[in-house]
Amino acid sequence: MRAGDDEAFAELVSENTPRLLAVARRFMRNEEDARDAVQEGFLSAFKSIDRFEGGSKLSTWLHRIVVNACLMKLRSKKRKPERSIEDLLPGYQSDGHPEQFFEPWRETGEDAAARNEERELVRKYIDQLPDNYRNVLLLRDIEGIDTEETAQMLDLTPGAVKTRLHRARLALRELLDPHFRPEQSVYS
């Protein structure tokens, strides 16, 4: 690819597009934006292939480029009104105890259809998180990027990443709880 071999680049695109498109779909809210982010990622990789040092796999390097393309695209989009993370977090009494304790969730479906339905439900609620919490959750828990790199990508401190991740997890748990709570509560 560094020598300008078009076939090498075409092979790279062919082998990596499905995986990178799946990554972009997790960040972008529509298919067109996801495809644009992947295309921008490949274009950026092509332009900067001479800077690839080989310290990681080429696919890992591409993954980071596409995630960055998604984040840039999200930053440039006109922001939609978002709910406050405070509205999504569990409530606490004046003495610091939770207003309600999380109950263990019921066993979920074991068949493929049930798992797909649950995956769509989780995705729906991740999309409801404010972007600055959603992006941290996606980078850390879904993409598996470490705290330091997440902080660099989002121009945050590692402490801010940890705080946002914790709050995003709490908010997601609060949103999902009614769907996975057992039908008959042992605490009621």
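We use all heavy atoms of the structure for the numbers below, so side chains are in, but hydrogens, waters and symmetry mates are not. These numbers come from a predicted model, not from an experiment.
- In this structure, the side chains of R169 and D141 come closer than 4.5 Å at one or more pairs of heavy atoms.
- Applying side-chain contact (heavy atoms from CB on, under 4.5 Å) to V38 and the options V23, L21, V13, L43 leaves one that passes, L21.
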side-chain contact (heavy atoms from CB on, under 4.5 Å) between E149 and L139, intermediate numbers included: CA-CA 9 Å; E149 190 167 353; L139 289 169; over 6 Å; no
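- Other residues, nucleotides and ligands contribute over 12 non-hydrogen atoms within 6.0 Å of the NZ atom of K73.
- Atom-to-atom distance recorded for L20:CG and I65:CD1 is 9.5 Å, nearest 0.5 angstrom.
- The hydrophobic cluster containing V136 does not contain M72, counting ILVMFWY residues as joined when their side-chain heavy atoms lie under 4.5 angstrom apart, directly or transitively.
- When all heavy atoms are compared, the tightest approach of P158 to A151 is N-CB, 3.8 Å.
- A heavy-atom distance below 4.5 Å is found between the side chains of R75 and L154.
- Listed by chain and number, the residues in a side-chain contact (heavy atoms from CB on, under 4.5 Å) with A8 are M1, D5 (sequence neighbours excluded).
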Could you pull out all donor-acceptor pairs under 3.5 Å where a side-chain atom in residues 45-52 meets a protein atom, sequence neighbours excluded?
| unit_1 | atom_1 | unit_2 | atom_2 | d |
| --- | --- | --- | --- | --- |
| S48 | OG | S44 | O | 2.7 |

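- No side-chain heavy atom of E143 sits less than 4.5 Å from a side-chain heavy atom of T150.
- Judged purely by atom type and a 3.5 angstrom limit, R134 uses its side chain to pair as donor or acceptor with the backbone of F27.
- Taking both residues in full, the closest heavy atoms of R25 and R123 are given as O-NH2, 2.9 Å, listed atom of the first, atom of the second, then distance.
- Ring-plane geometry between F42 and F9 is classed as perpendicular, the angle between the planes exceeding 60 degrees on a 0 to 90 degree scale with a lower cut at 30.
- Sequence neighbours left out, the pairs with a member in residues 7-20 that pass side-chain hydrogen bond (donor to acceptor under 3.5 Å, both in side chains) are N16-R19.
- Side-chain contact between Q128 and K124 is present, with at least one heavy-atom pair separated by less than 4.5 Å.
- In this structure the side chain of L137 never reaches within 4.5 angstrom of the side chain of R164, judged on heavy atoms.
- Rounded to the nearest 0.5 angstrom, L12 CG and L62 CG are separated by 5.0 Å.
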